[in-house]
Novice: 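Pasting a structure here, questions to come.
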Amino acid sequence: MSSTKAQQKGLWSRLQAGSIEQLHVRLESLIVLLALCALMSVLSPFFLSVSNFMNILLATSTIGVLAIAATFVIGAGGLDLSLGSVMGLSGVVGAYVGVTMGLPAPLAVLACIAAGALAGFVNGTIITRAFVPAFIVTLGMLGIARGIALVISDGRVIYGLPSAMVFIGQGRPFGIPMPVIIFVVTAFIMHCLLAYTRFGRHTLAIGDSENAARSAGIAVDWQRRLLYTLSGALAGLAGLLFAARINAGDPTAGLTYELTAITAAIIGGTNLFGGRGSILGTMVGALIMGVLQNGLNLLAVQSYYQQMAIGAVLILAVFIDQYQVRKETRV
Amino acid sequence: MSLLEVSGIEKSFGAVSVLHGVDFSADAGEVVGLVGDNGAGKSTLMKIITGIYTADAGAITLGGEPLMHLSPGERRAMGIEMIYQDLALARQQDVASNIFLGREPVRSILGIPFVDRAMMKAQAQQMIDRLGANLPAINRNVGSFSGGQQQTVAIARALTFDPKVVIMDEPTAALAVREVQGVLDLIRQLKEQGITTVLISHRLNDVLSVTDRIVVLRHGTAAANLVTAETDMAEVVSAIVGGAGMPDAAAHEARG
């Protein structure tokens, strides 16, 4: 090996390490995000503008909140496939409480999040108590939550939410859309929770080696149940943001959103098999998905192709991740 | 009364009875070897002591205090540490995270307890230095280390919180010759500090050279309790295999 090559490798590794240490973000995903932005600004004259940037953030806010949930659960070595369905269910429950039952907006807001948390708690309890794999439990919940949403709403969209609730989706204090504000604040809090608290460190330890976590005295099952409950509550928040934005509880809201959310988490550096993940990384991943979708929209690419693009990106991201893990870790 | 008293431990996994009425004890500062054939129940017994497994019957006390009802975390807090054969490390986390796993120090910011990374790193480095160990970098993921280096991290984790009893499950099985000597020296150091060590090992030479007493498990009971200074390879091997085929086995071990 020539010395220049070794030095280059050293600089690159140092940059990689620094990026993860200081920003909790993988350098590669930051570069992909910037490259994607550069590409889109060349391809479309509409891409580089403040209003389009706000559009991207607004579109990313719902997916971003789901991706935070995915990061926690996948980081702990689990999986939550019910994110999109639970999001849809929560929006419908909120609309049902606020419109059909005519209760005040704060109760409707609370109902959204509580419905999500309850679905997550059921997931977590079955996974930890009945020893059914997370893949199966949350796949089952994907169907159950969607079904309940359709039953509650009788298959119809519930329109006309209380105005205080609509403000959450459509308000623009200081010109910034409310969902973006809520998304950013949530991301900040969840980042601190995952990166700097014992709960967060234990989450990743459980995903890394359940055996190690157990022998270290961590209450693994209890924490798992909490994590799925948190995941459900975040899906509830995403459901609230979405319903409030479209001013309606739509039982089909969030269809296939788990695909995008999980992709965003994986692109952001979450290890599919647990043990590694950060919310800031996931935010970069969510922005990559947001920019990709926004760019394809601006370029007038049919949405059918966008689904294909997202699926392909997911497989590619996991491939790159596994390649890195194999390179870095001795088994 | 010994520091660690284990009596009448029974344990079955489904229809398979692994331990039926094991008694075991260790004094403060004593080094006890625990030997036996594969499947004799050595690791199961130790995991019952640390609380990873729950015994079907029996009692365990540490310094006279019963601990059967305590969780693994609470038993660690009382001073029982175990270095597992598979090391039980979180390979994608760095050295400090592994050493402090489950016991992270926190400091309060705005009333919220945040993990004190700086303190963790400093104390982890101190512990590694005290062990005289050579790790490439403390902020690297443990999974990128060699087997011996990973072993060092597992040992550091067991020793950081002033343990009373350290259980080592095959600590030398995967190590190079020089590293084996390091572990044996460490056990002697622990003895000087009054720390009790339980050494599970198949390497009878190691066991004979470092222990005070050797307990032999056979068919789920403590078949023999030998004072190391008064026994020899032949007697230990005989107790492990139960008489039959003894001369051949002993001759083989003596060569190894």
Side-chain angles (χ1 to χ4, degrees), chain A residues 13-14 16-18 20-22 24 26 74-77 188-223 269-278 321-322 324-331, chain B residues 46-47 50-53 70-78 80-94 96-107 109-110 112-117 120 137 139-147 149-150 153-154 157-158 161 167 169:
Chain A
S13 319
R14 277 209 304 282
Q16 280 181 318
I20 287 175
E21 183 114 338
Q22 301 302 324
H24 302 272
R26 276 167 72 169
I74 298 174
F188 176 75
I189 294 172
M190 290 298 145
H191 174 71
C192 292
L193 182 66
L194 185 60
Y196 303 117
T197 70
R198 299 186 68 190
F199 179 84
R201 304 316 303 165
H202 294 177
T203 298
L204 295 179
I206 291 170
D208 200 330
S209 162
E210 185 175 333
N211 188 11
R214 266 188 217 284
S215 33
I218 295 170
V220 172
D221 290 340
W222 169 241
Q223 174 134 359
T270 308
N271 182 354
L272 181 62
F273 304 105
R276 180 161 41 76
S278 94
D321 187 54
Q322 285 307 301
Q324 295 268 352
V325 168
R326 272 208 309 277
K327 221 171 54 175
E328 286 163 11
T329 313
R330 302 184 196 193
V331 179
Chain B
M46 291 303 122
K47 284 180 179 172
T50 60
I52 297 294
Y53 293 158
L70 298 179
S71 72
E74 290 166 327
R75 294 187 200 192
R76 279 183 98 192
M78 283 182 69
I80 297 181
E81 289 284 350
M82 179 155 173
I83 299 166
Y84 294 87
Q85 187 168 10
D86 68 359
L87 303 182
L89 293 171
R91 289 163 189 271
Q92 296 176 67
Q93 322 293 327
D94 63 16
S97 300
N98 268 287
I99 289 180
F100 285 90
L101 184 57
R103 296 183 289 205
E104 298 84 352
V106 291
R107 71 199 158 103
I109 300 171
L110 300 173
I112 304 161
F114 287 105
V115 170
D116 194 340
R117 292 281 307 165
M120 273 168 61
N139 57 0
R140 285 252 304 268
N141 290 347
V142 169
S144 66
F145 291 173
S146 75
Q149 291 164 340
Q150 293 190 12
V153 177
R157 179 175 57 187
F161 290 85
I167 300 166
D169 192 353

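In what follows, chains are A, B, ... by sequence order, proteins preceding strands, each numbered from 1.
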Novice: Restricting to ring pair (Phe, Tyr, Trp, His ring centres under 6.0 Å), what partner residues turn up for B:Phe161, sequence neighbours left out?
Specialist: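 Testing B:Phe161 for ring pair (Phe, Tyr, Trp, His ring centres under 6.0 Å), a comparison that skips the adjacent residues, returns B:Phe100.
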Novice: Please identify each residue that fulfils side chain to side chain contact (heavy atoms under 4.5 Å, CB included) with B:Leu70, with sequence neighbours left out.
Specialist: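 If we apply the side chain to side chain contact (heavy atoms under 4.5 Å, CB included) test to B:Leu70, skipping adjacent residues, the hits are B:Leu67, B:Glu74, B:Arg75, B:Met78.
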Novice: Chain A: which of B:Asn98, B:Leu87, B:Leu89 shares the most heavy-atom pairs with it under 4.5 Å?
Specialist: B:Leu89
Novice: Against chain A, label B:Ser97 side chain, backbone, both or neither, depending on which of its atoms sit under 4.5 Å from a heavy atom there.
Specialist: side chain
Novice: Check B:Ala90 against A:Ala212 and note the closest heavy-atom contact, atom names and distance.
Specialist: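 Here B:Ala90 and A:Ala212 meet closest at N-CB, 4.0 Å.
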Novice: For side-chain contact (heavy atoms from CB on, under 4.5 Å), just list the numbers for B:Met82 and A:Ser215, CA-CA rounded to whole Å, side-chain angles, deciding distance to a tenth of an Å, and then say yes or no.
Specialist: CA-CA 9 Å; B:Met82 179 155 173; A:Ser215 33; over 6 Å; no
Novice: Sort out for me which of B:Asp86, B:Val142, B:Ile112, B:Val115 touches chain A most, counting heavy-atom pairs under 4.5 Å.
Specialist: B:Val115
Novice: So do the side chains of B:Ile52 and A:Asn211 get within less than 4.5 Å of each other, counting heavy atoms only?
Specialist: no
Novice: Which atom pair, heavy atoms only, marks the closest approach of A:Thr197 to B:Pro113?
Specialist: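 Closest approach of A:Thr197 to B:Pro113, heavy atoms only: CG2-O, 4.0 Å.
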Novice: How long is the gap from OG1 on B:Thr50 to CZ on A:Arg214, to the nearest 0.5 Å?
Specialist: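 The OG1 atom of B:Thr50 sits 12.5 Å away from the CZ atom of A:Arg214.
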Novice: Does A:Arg276 reach the main-chain N or O of B:Gln92 with its side chain, forming a donor-acceptor pair under 3.5 Å?
Specialist: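 The answer is no, because no donor-acceptor pair under 3.5 Å joins these two groups.
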Novice: State, to 0.1 Å, how close A:Leu204 and B:Gln93 come at their nearest heavy-atom pair, and which atoms those are.
Specialist: O-NE2, 3.7 Å
Novice: If I compare all heavy atoms of B:Gly102 with all of A:Ile218, which pair ends up nearest, and what's the gap?
Specialist: CA-CG1, 4.1 Å
Novice: Which heavy atom in B:Leu101 sits nearest to a heavy atom in A:Ala216, and how many Å separate them?
Specialist: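 Heavy atoms of B:Leu101 and A:Ala216 come nearest at O-CB, 3.5 Å.
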Novice: Which heavy atom in B:Glu104 sits nearest to a heavy atom in A:Arg198, and how many Å separate them?
Specialist: OE1-NE, 3.2 Å
